[in-house]
**Q** 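Got a structure for you, written out below as structure tokens; questions coming shortly.
Values in this document were obtained by computation on a predicted structure and should not be read as measured data.
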Amino acid sequence: MTRDAAELASEWAGVEAQIEERAQADLQAEREDLERSARASTDAIARRQLELAAASLGEEVERLGTLKQRRERILARLRAEVAQLERARVALLSLRSGQAQLKAAELSALARRFRALSSLQREEAHSMEDVSSMIQGASMHSPPLEFRQAEGEEGPASGPASEQPRVGES
């Protein structure tokens, strides 16, 4: 449709150039000059030829008027087609905008999911750090197992109960 409109505009530009070369006013002036010459002519055959030429130019003036009317109609049609094209362009933009908004909503939902996962991972990491610090804190307060064994201490389940000091014994 755009290509057809451009071709039509190009063709009319050529027609307009030709119309402007011999404008309606010039033809009318030449016609009037021929009519004056025909009235002034004394020869009947020359007068008849001049009158035919003036009538021919009169027809051309009318054709130019018709061409101008057609030109106005075609320009109006071109403008209507351009308006339709503009309307289609806006509709396509609206469609693209709707698709973009839909994609944005999808991306926003994904972002919320990622934030939720990230926050869960952060909470889990903090929990693991807390557990790790509790384990490290407990191990700092009691000597390592190797050190206790080297000192002669054994774990609570490794030795007999009689070897453990009793309350009240001196």
**Q** Output the distance between atom OG (S37) and atom CD (Q49), rounded to the nearest 0.5 Å.
**A** 12.5 Å
**Q** Drop me the distance from R70's CZ to R63's CZ, to the nearest 0.5 angstrom.
**A** 10.0 Å
**Q** Could you walk me through whether R79 and V82 pass the side-chain contact (heavy atoms from CB on, under 4.5 Å) test, one step at a time?
**A** CA-CA 5 Å; R79 287 182 176 172; V82 167; 5.5 Å; no
**Q** Return yes if some donor-acceptor pair links the side-chain N/O of S97 with the main-chain N/O of L93 below 3.5 Å, else return no.
**A** no
**Q** Quick one: pull up CG in L57 and CG in D26 and give me the separation to the nearest 0.5 Å.
**A** 11.0 Å
**Q** What pair of heavy atoms forms the shortest contact from A54 to E35, and how long is it?
**A** CB-CG, 3.6 Å
**Q** List the steps, then state whether side-chain contact (heavy atoms from CB on, under 4.5 Å) holds for L64 with V61.
**A** CA-CA 5 Å; L64 281 177; V61 169; 5.7 Å; no
**Q** What's the separation between atom CZ in R39 and atom CG in L34, rounded to the nearest 0.5 Å?
**A** 11.0 Å
**Q** Supply the atom-to-atom distance L50 CG to I45 CD1, rounded to the nearest 0.5 angstrom.
**A** 12.0 Å
**Q** In residues 101-121, what donor-acceptor pairs under 3.5 Å come from side-chain atoms, sequence neighbours left out?
**A**
unit_1: S108; atom_1: OG; unit_2: R112; atom_2: NH1; d: 3.0
unit_1: S118; atom_1: OG; unit_2: R122; atom_2: NH2; d: 3.2

**Q** If you look at every heavy atom in R47 and S41, which pair is closest and at what distance?
**A** NH2-O, 3.1 Å
**Q** Can you tell me how far apart CZ (R48) and CG (L52) are? Round to the nearest 0.5 Å.
**A** 4.0 Å
**Q** Run the numbers on H126 and E123 for side-chain contact (heavy atoms from CB on, under 4.5 Å), then give the verdict.
**A** CA-CA 5 Å; H126 287 301; E123 289 173 11; 5.6 Å; no
**Q** Enumerate the salt bridge (Lys or Arg N to Asp or Glu O under 4.0 Å) contacts for residues 82-98, please, sequence neighbours excluded, ordered by first and then second residue.
**A** E86-R89
**Q** I need the full list of side chain to side chain donor-acceptor pair (under 3.5 Å) pairs touching residues 50-59, with sequence neighbours left out, sorted by first then second residue.
**A** none
